[in-house]
Protein chains: 2
Amino acid sequence: MPERAVAGGKENSVETPVESTRERLLNVAEQRFGEGGYEGTSLRAITVAAAANIAAVNYHFGSKEALLRAAVARAMAPVNTERRRRLDQLEANGQPNPEQLIRAFVEPGLDLVLRHGERGAVVARFIGRIAFDPSQRIRELYAAESDPIEARYLSALQAALPHATPEAVAFGYVNMLGLLALHQSQALSRAPGLEDAENSGKLAENLVAFLVAAFDRGLRA
Amino acid sequence: MPERAVAGGKENSVETPVESTRERLLNVAEQRFGEGGYEGTSLRAITVAAAANIAAVNYHFGSKEALLRAAVARAMAPVNTERRRRLDQLEANGQPNPEQLIRAFVEPGLDLVLRHGERGAVVARFIGRIAFDPSQRIRELYAAESDPIEARYLSALQAALPHATPEAVAFGYVNMLGLLALHQSQALSRAPGLEDAENSGKLAENLVAFLVAAFDRGLRA
DNA sequence: GCATAGTTCAAACGGTCGTTTGAACAGGAG
DNA sequence: CTCCTGTTCAAACGACCGTTTGAACTATGC
């Protein structure tokens with residue numbers, strides 16, 4: 001009766017390992033949550049698209065919110081890892097300038113699309129939407145996932161912008177976060193047939209230039 | 001049985017005319033929709049807080065979405081009017097510069113808080129949240145309300161930034177829109193007890209400075 | 001073979017959703 | 001007073017929500 005592939009089925013292509021129910025749920029969750037938001041997406045819509053039973057969500061995750069939490073954690077892990085790596089590298093080479101710090105923050109969030117095509121765009125949109133979900137509880141789910149690295153960025157930015165007050169640095173950081181989330185959430189509605197990689201590269205460059213100018217000359221007390 | 005004030009009741013203060021059911025519904029709607037988003041807010045939560053019957057929503061507006069549409073239209077009307085007024089004034093005095101155009105766009109959206117206190121902050125948060133609601137249909141409700149003026153701003157910005165390509169101008173406009181909505185949606189969580197007006201004034205100045213720097217030097221092809 | 005742990009399933013749970021109904025209530029016009 | 005229009009009300013509608021249940025299936029270890 002179940003029509004989906006079974007582990008070890010020889011008819012599958014060589015390169016695509018069969019996804020587990022858990023993986024399919026996470027994949028569909030980030031696609032649908034990113035499309036309609038948390039409240040606007042039902043578990044039934046997710047499980048139908050994932051060819052899974054509704055009870056599978058509670059079996060694998062425990063609740064709808066726990067599914068979202070797992071999806072956020074999985075989606076943000078590589079971004080956070082890359083941001084940490086870049087921060088480590090920058091700080092090892094002395095005092096980084098604002099542009100280097102902005103790149104270290106923005107590019108990992110947009111390279112998702114650049115390096116993983118439409119799949120990466122789905123992840124980017126998901127992250128961008130969750131970061132500014134209407135519900136505060138959902139936003140805190142995102143914040144909890146990027147909390148530890150936020151403090152590092154703030155102090156590094158402060159050191160790179162000695163003329164700016166802490167309030168101004170925090171203001172710039174919030175704006176950087178917001179603009180990144182904005183363009184992430186629009187990752188799929190931009191040029192939906194052209195070269196994703198090329199467009200994302202240009203977008204990242206434009207966004208960095210925009211932010212660098214604003215940080216260098218637009219922060220006041 | 002109904003405990004709310006009745007028209008002409010002498011116990012009411014002189015300055016507060018009694019609100020109609022329709023007005024109470026709109027007031028509570030922009031408060032709750034701005035707090036939990038469209039999907040995250042039920043009509044029952046709104047009608048209970050507004051001391052109205054559930055059927056009153058369908059009587060006065062027709063549906064939940066029609067209530068939201070009416071609230072969006074009412075909230076944005078004064079902002080759009082003020083933006084049009086400023087644009088008219090600027091264009092009457094010759095070619096405006098980018099800072100003047102940015103002020104004409106940003107300040108009407110934040111002066112809500114400056115001039116109407118907590119009530120204005122509720123409206124600002126409502127607008128900011130709806131502008132970037134997860135559901136595209138809701139976002140289009142906002143877009144439809146600010147559509148006609150958007151074209152004027154884009155061409156005025158293009159004229160003020162002759163060195164920038166149309167794509168760069170559009171990119172800057174989207175960023176301005178996004179940052180304004182971001183700070184509008186945070187209107188109530190910032191300094192909840194201090195002088196709203198003073199904080200909003202500073203915020204507007206900081207945001208204008210941030211955007212002017214980014215527009216002047218951060219837009220490339 | 002049998003037992004066992006991991007996973008999936010259809011079905012149902014109670015609750016809440018947006019919407020609709022039809023009666024009741026108001027108040028001015030004739 | 002009667003009529004009429006506008007408004008409010010309790011109650012119910014069917015649909016959908018997240019969650020739970022307990023049986024059925026699968027695969028591995030003995």
Side-chain angles (χ1 to χ4, degrees), chain A residues 1-10 12 17-30 32-33 35-72 133-135 137-138 141, chain B residues 1-9 17-30 32-33 35-72 133-135 137-138 141:
Chain A
M1 189 68 84
E3 299 192 13
R4 64 182 146 75
V6 178
K10 299 203 171 179
N12 276 307
V18 179
E19 290 174 338
S20 68
T21 297
R22 194 188 145 92
E23 287 169 330
R24 271 178 290 129
L25 284 174
L26 287 172
N27 292 343
V28 174
E30 60 192 10
R32 297 298 173 107
F33 282 148
E35 194 173 312
Y38 179 75
E39 298 283 356
T41 304
S42 72
L43 284 186
R44 279 172 176 82
I46 293 176
T47 50
V48 165
N53 190 277
I54 314 182
V57 171
N58 286 289
Y59 174 76
H60 286 284
F61 303 97
S63 69
K64 183 187 183 184
E65 186 167 324
L67 166 63
L68 173 66
R69 183 163 31 239
V72 170
D133 189 272
S135 161
R137 207 176 67 259
I138 305 302
L141 245 61
Chain B
M1 188 72 82
E3 298 193 10
R4 65 185 147 76
V6 179
V18 179
E19 292 173 338
S20 67
T21 297
R22 192 187 146 92
E23 288 169 331
R24 272 179 290 128
L25 284 174
L26 287 173
N27 292 343
V28 175
E30 58 191 13
R32 297 299 173 107
F33 282 147
E35 195 173 311
Y38 179 74
E39 296 284 357
T41 304
S42 72
L43 283 185
R44 280 172 176 84
I46 292 177
T47 50
V48 165
N53 190 277
I54 315 182
V57 171
N58 287 290
Y59 174 76
H60 286 285
F61 303 97
S63 69
K64 183 185 181 185
E65 186 167 324
L67 166 63
L68 174 66
R69 183 164 31 240
V72 169
D133 189 272
S135 160
R137 206 175 68 258
I138 305 303
L141 244 63

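Letters A, B, ... mirror the listed sequences (proteins, then strands); counts begin at 1.
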ask   = Quick one: which of D/dT8, C/dT21, D/dT20 gets closest to the side chain of A/Ala55?
value = D/dT20
key: Set of side-chain contact (heavy atoms from CB on, under 4.5 Å) partners for B/Glu35, sequence neighbours left out   = B/Gln31, B/Arg125
key: Minimum heavy-atom distance A/Ala66-A/Phe61, with the two atoms named   = CB-O, 3.3 Å
inquiry  = I need the CD1-C1' distance between A/Ile54 and D/dC17, as an integer number of Å.
reply    = 10 Å
key: Under 4.0 angstrom between A/Thr21 side-chain N/O and C/dT8 OP1 or OP2   = yes
task = Identify the residue among B/Thr21, B/Val28, B/Asn27 that makes a side chain to side chain contact (heavy atoms under 4.5 Å, CB included) with B/Leu25.
result = B/Thr21
request  = For B/Glu23 and D/dT7, give me the distance from atom CD to atom C1', rounded to whole Å.
outcome  = 15 Å
query = Which parts of residues 37-48 of chain B get close to DNA chain C, meaning a heavy atom less than 4.0 angstrom away?
reply = B/Thr41, B/Ser42, B/Leu43, B/Arg44
key: Whole-Å gap separating C1' (D/dG6) and CZ (B/Arg22)   = 14 Å
side-chain hydrogen bond (donor to acceptor under 3.5 Å, both in side chains) partners of residues 43-60 of chain A, not counting sequence neighbours, each pair once = none
inquiry  = Nearest whole Å is fine: how far is D/dC13 P from B/Asn58 CG?
reply    = 18 Å
inquiry  = Does the structure place the NZ or CZ of B/Lys64 under 6.0 Å from the centre of the six-membered ring of B/Tyr38, at an angle of no more than 45° from the ring's axis?
reply    = yes
task = Ignoring backbone atoms, establish whether A/Asn53 has a side-chain N or O less than 4.0 Å from OP1 or OP2 of C/dA10.
result = yes
request  = Can you sort out which residues in residues 59-71 of chain B have a heavy atom within less than 4.0 Å of DNA chain D? Ascending by number, please.
outcome  = B/Tyr59, B/His60
task = Under the salt bridge (charged side-chain N to carboxylate O under 4.0 Å, His left out) rule, collect the residues that match up with A/Arg137, sequence neighbours excluded.
result = A/Glu65
task = Sequence neighbours left out, what passes side-chain contact (heavy atoms from CB on, under 4.5 Å) with B/Ala45? Give chain and number order.
result = B/Arg32, B/Ser42
ask   = Judged by atom type as modelled, is there a donor-acceptor pair below 3.5 Å linking the side chain of A/Arg24 to the main-chain atoms of A/Ala51?
value = yes
